[in-house]
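Given the structure is predicted, the values throughout are model-derived calculations rather than measurements. Order of the sequence lines sets the chain letters (A, B, ...), proteins ahead of strands, with each chain counted from 1.
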2 protein chains.
Amino acid sequence: MFVAMTACPDPSRPDHPTAKALLDAGGELFGAHGFAGASTRALAEKAGVNIAAIAYHFGSKEGLREACGRETARIMAQDIVGARADALDAALAAGVTPAQARGMILDLFDAIAPAMLARADFEPVVRFLLREQDERSPAFERIHDGFIAPMHERLCRLWGAATGAAPDAPATRLSTLSVVAQIVYFRVARNVALKRMGWTRIGEEEAAQIAAVVRANLRAMLDAAAREARP
Amino acid sequence: MFVAMTACPDPSRPDHPTAKALLDAGGELFGAHGFAGASTRALAEKAGVNIAAIAYHFGSKEGLREACGRETARIMAQDIVGARADALDAALAAGVTPAQARGMILDLFDAIAPAMLARADFEPVVRFLLREQDERSPAFERIHDGFIAPMHERLCRLWGAATGAAPDAPATRLSTLSVVAQIVYFRVARNVALKRMGWTRIGEEEAAQIAAVVRANLRAMLDAAAREARP
DNA sequence: GTCTATAAACAGATAGAC
DNA sequence: GTCTATCTGTTTATAGAC
């Protein structure tokens with residue numbers, strides 16, 4: 001009772017059941033049909049709440065979008081890397097051998113690939129992220145600064161430790177992105193991949209096949225980079 | 001004067017100036033904002049024509065979308081592969097040595113990468129294609145059957161010829177897709193790449209750096225695949 | 001073929017009862 | 001906090017003059 005209960009009491013509160021339901025619906029519908037393609041009526045119906053709840057809890061449809069961005073950043077940071085981030089930082093600070101660094105990179109992608117590709121609850125998260133980065137929205141800035149940039153930096157440092165290449169060299173920064181690319185592609189161009197592979201979906205089995213190919217590519221790339229840096 | 005001039009005289013006629021302007025506007029705005037996000041008013045204004053021209057020339061907004069799909073398929077087949085497709089088919093029919101096949105794959109991506117990444121007029125084309133495949137629209141089916149599938153098949157056959165791997169093996173089909181992935185990523189996640197690389201745009205210079213990394217990855221992958229198939 | 005005017009549906013946002 | 005009802009503007013599509 002310290003502040004008046006005006007509209008939009010707290011934009012970032014996934015604890016409230018109505019707000020939570022709207023955040024889930026937003027992640028799904030914004031991702032599936034884009035911001036313009038998801039009407040407030042469809043969002044409210046999907047969430048099982050009243051249309052006016054959007055304005056009440058998030059101020060506006062745009063407010064809901066931004067709150068979804070915060071949710072996405074939180075989920076990705078928590079579920080994709082989780083405790084791994086601290087372990088990586090500790091290892092990098094303590095120093096790692098090339099073989100250790102190589103193993104850590106391979107392990108990292110072995111963990112990322114199945115989550116990114118097969119986890120059904122990640123579909124809306126990734127789709128939402130891609131839409132936001134496409135529109136250069138403030139929500140994307142948050143996700144970039146909080147999750148993407150730190151992970152890319154760690155990856156470049158590991159890459160340098162594993163191959164002897166300079167972590168800040170453009171080629172290193174591009175190489176690491178090109179590994180991420182191979183996983184992201186099967187999300188983004190999923191319908192192309194499904195048709196080309198004759199699959200009906202990307203489940204655990206299919207994700208494992210993709211992960212195996214990415215792992216093989218990664219090994220080949222690391223070997224080549226190491227030969228390049230330490231002939 | 002043989003047929004009555006009802007609405008939508010011919011859905012596929014990029015020759016008419018008004019229809020052409022609408023196709024260009026459609027490719028750009030559908031790609032940028034999605035189908036729902038591009039209003040007929042915005043489309044007409046961008047094209048510099050009257051709103052009613054959409055219904056007249058394409059029957060409806062949906063009709064314009066499908067016509068844009070046909071245009072996209074035509075442009076990609078023409079500008080990305082062009083005469084190269086026939087040359088590849090002839091070479092594959094005549095038979096190629098592993099070294100020749102390897103060179104053809106490298107050449108192919110050397111041609112595709114700069115076009116996909118740096119050509120400004122390709123931005124709307126690629127964006128449109130990705131939106132359509134995401135929505136599994138009939139327009140995408142056309143593009144897949146007419147351009148994507150034939151190119152992927154050729155690539156798999158070349159890959160097999162270069163490495164000794166089976167062209168129809170899932171690993172081969174996934175490997176070739178994972179090379180395409182590395183190029184597509186820098187289009188799709190362009191804003192991520194720009195921020196991570198400290199670039200402001202992907203012009204010829206930046207595209208060349210990406211192409212060099214992809215080329216290096218491709219060599220490493222081909223070497224590894226060849227060792228795997230012919231130890 | 002191109003235009004204006006408008007119909008009919010739908011959008012997001014809000015006022016106010018409960 | 002949640003609801004109904006409604007306001008205001010915009011959407012696509014169309015009818016009809018030129």
> Does C:dG12 have its OP1 or OP2 closer than 4.0 Å to a side-chain nitrogen or oxygen of A:T40?
yes

> Write down the distance between NE2 (B:H16) and C1' (C:dG1), rounded to a whole number of angstrom.
7 Å

> Given D:dA13, D:dT2, C:dT2, which nucleotide is nearest the side-chain atoms of B:T18?
C:dT2

> Is the shortest distance from a Lys or Arg side-chain nitrogen in A:D24 or A:K46 to a carboxylate oxygen in the other one below 4.0 Å?
no

> When the distance from CG of B:L22 to P of C:dG1 is rounded to whole Å, what number comes out?
14 Å

> For A:K61 and C:dA11, give me the distance from atom NZ to atom C1', rounded to whole Å.
8 Å

> Quickly work out the A:L43 CG to C:dG12 P distance and round it to whole Å.
8 Å

> Within this structure, what is the CD1-to-P distance between B:I54 and C:dC3, rounded to whole angstrom?
12 Å

> Check the distance between C:dG12's C1' and A:E62's CD and give it to me in whole angstrom.
12 Å

> Pick base, sugar-phosphate or nothing for B:A52, based on heavy-atom distances below 4.0 Å to the nucleic acid.
base

> Determine whether the aromatic ring centres of B:F30 and B:F35 lie less than 6.0 Å apart.
yes

> List the atom pairs, donor and acceptor, that lie under 3.5 Å between side-chain atoms in residues 84-91 of chain B and the rest of the protein, sequence neighbours left out.
from	atom 1	to	atom 2	distance (Å)
B:D89	OD1	B:R154	NE	2.8
B:D89	OD2	B:R154	NE	3.3
B:D89	OD2	B:R154	NH2	3.2

> What residue among B:E141, B:H144, B:Q133 forms side-chain hydrogen bond (donor to acceptor under 3.5 Å, both in side chains) with A:K195?
B:E141

> Counting side-chain heavy atoms from CB outward, which of C:dA11, D:dT2, C:dT2 is closest to A:H57?
D:dT2

> What's the CZ-P distance between A:R41 and C:dA13, to the nearest Å?
11 Å

> Quick one: label B:A38 by what it contacts on the DNA or RNA (base, sugar-phosphate, nothing), any heavy atom closer than 4.0 Å.
sugar-phosphate

> What is the separation between atom CD1 on A:I51 and atom P on D:dT6, rounded to the nearest whole Å?
14 Å

> Starting the side chain at C-beta, find the nucleotide from C:dG1, C:dA11, D:dA13 nearest to B:Y56.
C:dG1

> Inspect the contact between B:R157 and B:E153 and indicate whether a charged nitrogen and a carboxylate oxygen are less than 4.0 angstrom apart.
no

> Taking only side-chain N and O atoms of A:N50, does any of them lie within less than 4.0 angstrom of OP1 or OP2 on D:dG1?
no

> Counting side-chain heavy atoms from C-beta on, which of C:dT2, D:dA13, C:dC3 comes nearest to B:S60?
D:dA13

